[in-house]
Asks: 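Below is one structure. I have some questions about it.
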Amino acid sequence: MVTDAAFEIPEIEISTKVQEFLSRPKKCLINGNWVEAASGKSFSIYNPANGSIIDMAAEGDKEDIDAAVKAARKVFDDPKHPWNTMTPSERGKLIWKIGDLILENLDELAELESLDNGKPVGVAKVADVPLSADLFHYMAGWATKIEGNTIPISVPYAAGAKFHAFTMREPVGVVGQIIPWNFPLLMAAWKLGPVLATGNCVVLKPAEQTPLTALRLGEIIQEAGVPDGVVNIVTGMGETAGAALAAHDDVDKVAFTGSTEVGKMIVQAAAGNLKKVTLELGGKSPNIIFKDTENLEQTIASAASAIFFNHGQCCCAGSRLYVEKDIFDEVVDGVSAAADQIKIGPGLAGDTDMGPLVSSEQLNRVTGFMNAGQEAGATCVTGGRRLGENGYFVTPTVYKDTNDDMSIVREEIFGPVVVADPFDDIEQIIDRGNDTTYGLAAGIWTRDISKAHRTAARLRAGTVWINCYNIFDSALPFGGYKQSGWGREMGHEVLDLYTETKAVCLGL
Ligand code: NAI
Ligand code: MG
């Protein structure tokens, strides 16, 4: 792997507010109290821009998960607890308040996210933090709209009898949620919003790489007035704390976002008590550009951002770029030129377009794929390098001359690496688009409306973007076909996954 040792990283000052937050000990939130891990252990949190330690957090484990689950269970099982006697309207107002408080603390949260995850602070300010607030605001409105149906029933074996039958949507119970590091605050919001809207209690385990904004969110949730024990947060490792939560017999549902590999482990761990499981996993999304795309320049810019946004650390990244033959060279040159223009630097520097990858593990993973691409004989049009020696920076990278057996074409890289390939047959490209174990997202670029719809209908993916990419909204369900997951996040569809249906039948 070629590295550019001359790559210099400027020192950046941290605001007083963030310094204050960093100076407070990072503990677990259990039953409304911030507590050390039972073992007394803690783990280091790294600045991905230079590899230095920025903070320590309590290393929760099975015992702490146990305590958190007990706290959540105690609230859930007590019909007199304020959480359970609260009206849906009051619950909605609390959730709305969380959204408001996130916006009030936007700058601090964005800076913290940038420091912890490496993403540009400007992006966190316009995307991660406002989207997180919006998710709570959106979910606040649902708290008063969790409804069942009245159902006219016929009951053939009870001739002449009359019944009043209806369904109720009740909370699932104690929910375990395990989230990743690519959008730390937003993933916490996607998970906690629907949990609260539907009246559940929860134990959240943030990713060990990026626990800071989830802990700050814990403070905000307390400030909003959510009763103690409803939201518990245990920081710690996946293999210990995460695994204990997924396997816990007193957890009614586990919701996970992360790798497909761990998703499968979660399913197995959940088998003990058959807890409900929802999963949002990996992707290898095809982005298909037809030569009749409306505006080629814009399409190229979007194709670049489809893969390079968030340093490619997006489960729905447009990582397989398929371009109709006649415009292939122009698009590949354009995406590569866009890659070369990206200003790489620490997330906290105001002029940074792309920060470091999140961790040394991800750096090794992504550079490992780059090496594999090189060895397999793919042509590296641009990039393919690590930058500097301390931070976890890599260059945005474009490969062509690939074949469908190469690991860079088949596997989720989760870095700023795109493989581009030409096509000339629509049937063939739909089949190739679908030739993956994943099914999270896909992009289509054409001004031919019937071709767009025909292609969208045939692509086996949870989200299809036509003439746009990476458009997210709290109201739009998101999730995967095939090995990209089970269930959906956001929209009203997620609410079904946090409620049980109770059918009540009354003989009249
Ligand atoms: P991961 O799946 O190991 O981690 C995600 C979360 O799961 C973290 O909170 C982690 O602590 C937890 N976890 C890990 N092992 C666990 C276990 N045995 N039981 C319960 N929880 C566990 O992902 P990792 O290792 O950080 O990244 C590896 C790859 O996963 C990435 O390169 C990427 O391909 C994929 N990934 C996909 C994400 C998505 O949004 N779909 C997010 C993060 C990673
Ligand atoms: Mg892992």
Side-chain angles (χ1 to χ4, degrees), residues 43 45-46 48 57 59-62 65 116-117 119 176-184 186-188 190-191 203-211 213-214 233-248 251 254-272 275 277-285 309-317 319 357-370 392 394 407-408 410-417 436-441 462-463 470 472 478-480 482-487 489:
F43 63 95
I45 306 167
Y46 297 92
E59 188 176 336
D61 199 342
K62 192 169 184 300
I65 290 288
D116 203 6
N117 163 281
K119 68 179 66 199
Q177 300 186 315
I178 301 169
I179 55 170
W181 42 259
N182 50 343
F183 296 89
L186 187 59
M187 291 302 101
W190 280 21
K191 290 277 187 280
V203 178
L204 176 78
K205 196 209 78 70
E208 54 270 41
Q209 297 83 353
T210 56
T213 46
I233 302 175
V234 177
T235 46
M237 302 298 130
E239 296 73 13
T240 52
L245 187 56
H248 204 292
V251 168
V254 64
F256 170 78
T257 299
S259 61
T260 293
E261 181 195 356
V262 174
K264 291 180 183 179
M265 292 161 78
I266 301 277
V267 170
Q268 292 192 338
K275 60 176 66 68
V277 178
T278 48
L279 304 168
E280 205 262 271
L281 308 175
K284 191 75 183 176
S285 300
F309 174 65
N310 212 42
H311 326 165
Q313 299 170 139
C314 291
C315 45
C316 54
S319 51
L357 299 174
V358 74
S359 63
S360 58
E361 189 184 343
Q362 285 307 114
L363 175 71
N364 290 335
R365 200 183 150 85
V366 171
T367 52
F369 275 111
M370 288 172 170
Y392 314 137
V394 293
S407 65
I408 53 170
R410 302 220 69 81
E411 291 178 42
E412 179 174 60
I413 299 176
F414 229 63
V417 182
T436 165
T437 54
Y438 296 114
L440 197 56
T463 296
N470 276 341
F472 291 95
F478 181 81
K482 300 195 273 183
Q483 293 189 34
S484 289
W486 291 354
E489 313 248 31

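Remember, it's 1-based here, ligands and their atoms both numbered in the order they're listed. Everything quoted here is computed from the prediction, not taken from an experiment.
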Asks: Do me a favour and list the nearest non-hydrogen protein atom to atom 9 (O) of ligand 1 with residue, atom name and distance?
Replies: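 Ranking protein heavy atoms by distance from atom 9 (O) of ligand 1, first comes Ile179 O, 2.8 Å.
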
Asks: Of all the atoms in ligand 1, which lie at a distance below 4.0 Å from a heavy atom belonging to Ile266?
Replies: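 Counting from 1, the qualifying ligand atoms are 20 (C).
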
Asks: Show me which atoms of ligand 1 lie under 4.0 Å from any heavy atom of Leu281.
Replies: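 Selected atoms, number and element: 41 (N).
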
Asks: Hey, looking at atom 1 (P) of ligand 1, which of Cys316, Cys314, Ala246, Ser259 has the closest heavy atom?
Replies: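 Nearest heavy atom to atom 1 (P) of ligand 1 lies in Ser259.
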
Asks: Within a distance of under 4.0 Å, is there any protein heavy atom near atom 4 (O) of ligand 1?
Replies: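 No, there is no protein heavy atom closer to it than 4.0 Å.
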
Asks: Considering Lys284, Lys264, Gln362, Met237 one by one, which has a heavy atom nearer to atom 27 (O) of ligand 1 than any of the others?
Replies: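 Nearest heavy atom to atom 27 (O) of ligand 1 lies in Gln362.
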
Asks: Under 4.0 Å from any heavy atom of Pro180, which atoms of ligand 1 are there?
Replies: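 Those of ligand 1 that fall under 4.0 Å from Pro180 are 42 (C), 43 (C).
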
Asks: With atoms numbered from 1 as shown, which atoms in ligand 1 lie under 4.0 angstrom from a non-hydrogen atom of Thr257?
Replies: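 What qualifies from ligand 1 is 5 (C), 40 (O).
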
Asks: Ignoring angles and geometry beyond distance, decide whether Arg365 reaches within less than 3.5 Å of ligand 1 through its nitrogen or oxygen atoms.
Replies: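 Looking only at distances, the answer is yes, because the N/O contact criterion of under 3.5 Å is met.
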
Asks: Looking at Lys275 and Ala246, would you say the former's side chain and the latter's main chain have a donor-acceptor pair under 3.5 Å?
Replies: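 Side chain of Lys275 to backbone of Ala246: a pair is present.
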
Asks: Can you tell which of Gly283, Cys315, Ala317, Gly415 gets a heavy atom nearest to atom 39 (C) of ligand 1?
Replies: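 Going through Gly283, Cys315, Ala317, Gly415 one by one, Cys315 has the nearest heavy atom to atom 39 (C) of ligand 1.
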
Asks: Out of Glu361, Gln209, Glu280, Glu411, who gets a non-hydrogen atom closest to atom 25 (O) of ligand 1?
Replies: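 Checking each option, the heavy atom nearest atom 25 (O) of ligand 1 is found in Glu361.
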
Asks: Let me confirm one number: the NZ-CD distance from Lys119 to Gln313, rounded to the nearest 0.5 Å.
Replies: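 The distance works out to 8.0 Å.
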
Asks: For Thr260 and Glu412, which I'm curious about, is there any donor-acceptor pair between the side chains at under 3.5 Å?
Replies: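 Absent: no donor and acceptor within the cut-off.
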
Asks: So, is Met265 polar-close to ligand 1, with some N/O to N/O distance under 3.5 Å?
Replies: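 Met265 vs ligand 1: no N/O contact under 3.5 Å.
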
Asks: Considering only the protein, which heavy-atom contact is closest to atom 14 (C) of ligand 1, and what is its distance?
Replies: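 Answer for atom 14 (C) of ligand 1: Gly238 CA, 3.5 Å.
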
Asks: Any idea which atoms of ligand 1 are less than 4.0 Å away from a heavy-atom of Asn182?
Replies: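 The list of qualifying atoms is 40 (O), 42 (C).
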
Asks: Any heavy atom of Trp181 sitting closer than 4.0 Å to ligand 1?
Replies: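 Yes, Trp181 has a heavy atom closer than 4.0 Å to ligand 1.
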
Asks: As an exercise, identify every atom of ligand 1 less than 4.0 angstrom from a heavy atom of Ala243.
Replies: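 Numbered from 1, ligand 1 contributes 19 (N), 20 (C).
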
Asks: Which ligand 1 atoms, with their elements, are less than 4.0 angstrom from a heavy-atom of Ala207?
Replies: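 Within the 4.0 Å cut-off of Ala207, ligand 1 contributes 9 (O).
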
Asks: N/O to N/O below 3.5 Å, does that happen between Gly236 and ligand 1?
Replies: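 It does not: no N or O of Gly236 is found under 3.5 Å from an N or O of ligand 1.
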
Asks: Test your reading of the structure: does Gly258 have an N or O sitting under 3.5 Å from an N or O of ligand 1?
Replies: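 Yes - when backbone and side-chain N and O of Gly258 are compared with those of ligand 1, one distance drops under 3.5 Å.
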
Asks: If you round to the nearest 0.5 Å, how far is CD1 of Ile179 from CG of Leu204?
Replies: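 CD1 of Ile179 is found 4.5 Å from CG of Leu204.
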
Asks: Would you check whether Ile178 has a nitrogen or oxygen atom less than 3.5 angstrom from a nitrogen or oxygen atom of ligand 1?
Replies: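 No, Ile178 has no N/O under 3.5 Å of an N/O on ligand 1.
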
